[in-house]
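Some notes on the structure that comes next.
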Amino acid sequence: MQTHIGHLVFGVQPANLGFYRDLLSFLGWSTIYDGDGMLGVGGEHGVSLWFSAPLKDVSNDYDGPGLNHLAISTKTQEDVDSVVAYMTEHGITPLFDTPRHRPDFSQSPESTYYQVLFETPDRLLIEVVYTGPKSA
């Protein structure tokens, strides 16, 4: 049997849907549904991400039980730097001393794991990462 992720659903405050719409559009995801307090975006290979109102009024804690973070891969190291520029323009603060190379996560000395991590208004932790040959 071979499987893959079909979709992920995130509970977010309806007032923050625009944040996710703008960010995911910038990252190249296409809107597949936008209405009634819900946003759906589609990426490669049929994967979709959905954002809708939470069922309970509780705060997310990415260091607690549940999903720690959502990682979105890029095709180049420069793409991560473009995301950092987008973040700066939109007042989004990088976390954990990122962006940075993580040699401890690299598969070989010739490759890199280059990441930026940030928190959304709903305290979801997102990583944008490039893995592959290191750029000069």
Less than 4.0 angstrom from a charged side-chain N to a carboxylate O is my criterion; do E127 and R100 meet it? no

Same apolar cluster: W50 and L27, side chain cutoff 4.5 Å: no

Residue pair Y62 / L67, side-chain heavy-atom distance below 4.5 Å: no

Are any non-hydrogen side-chain atoms of F96 and L125 less than 4.5 angstrom apart? yes

Exactly one of T98, L95, D81, T74 clears side-chain contact (heavy atoms from CB on, under 4.5 Å) with V116, and that residue is T98

Is any side-chain heavy atom of F19 less than 4.5 Å from a side-chain heavy atom of T120? yes

Side chain to side chain, F10 and L49, heavy atoms closer than 4.5 Å: yes

Could you tell me the separation between the CD atom of E89 and the CZ atom of F26, rounded to the nearest 0.5 Å? 7.5 Å

Is a donor on one side and an acceptor on the other found under 3.5 Å between the side chain of S106 and the backbone of P109? no

Rounded to the nearest 0.5 angstrom, the CD-OG distance for E44 and S30 is 10.5 Å

Report yes if the distance between the aromatic ring centroids of F51 and Y20 is under 6.0 Å, otherwise no. yes

Contact between L23 and I126 at the side-chain level, heavy atoms closer than 4.5 Å - yes or no? yes

Can any side-chain N or O of D61 pair as donor or acceptor with the backbone N or O of D63 at less than 3.5 Å? yes

More than 12 heavy atoms of other residues, nucleotides or ligands under 6.0 Å from CG of D104: yes or no? yes

Ignoring hydrogens and angles, tell me if any N or O in the side chain of N60 forms a donor-acceptor pair with the backbone of R123 under 3.5 Å. yes

Does any non-hydrogen side-chain atom of Q77 lie less than 4.5 Å from one of K134? yes

Flag side-chain contact, heavy atom, 4.5 Å: V41 against I32: no

For the CG atom of L8 and the OG atom of S48, what is their distance to the nearest 0.5 Å? 8.0 Å

Could you tell me the separation between the NE2 atom of H101 and the OG atom of S111, rounded to the nearest 0.5 Å? 11.0 Å

In sequence, state the C-alpha distance, the side-chain angles, and the governing distance for V80 and V129, and then conclude on side chain to side chain contact (heavy atoms under 4.5 Å, CB included). CA-CA 6 Å; V80 175; V129 61; 5.7 Å; no

Minimum side-chain heavy-atom gap F118-V128 below 4.5 Å: yes

Do D34 and T31 get their side chains close enough for a donor-acceptor pair, meaning under 3.5 Å? no

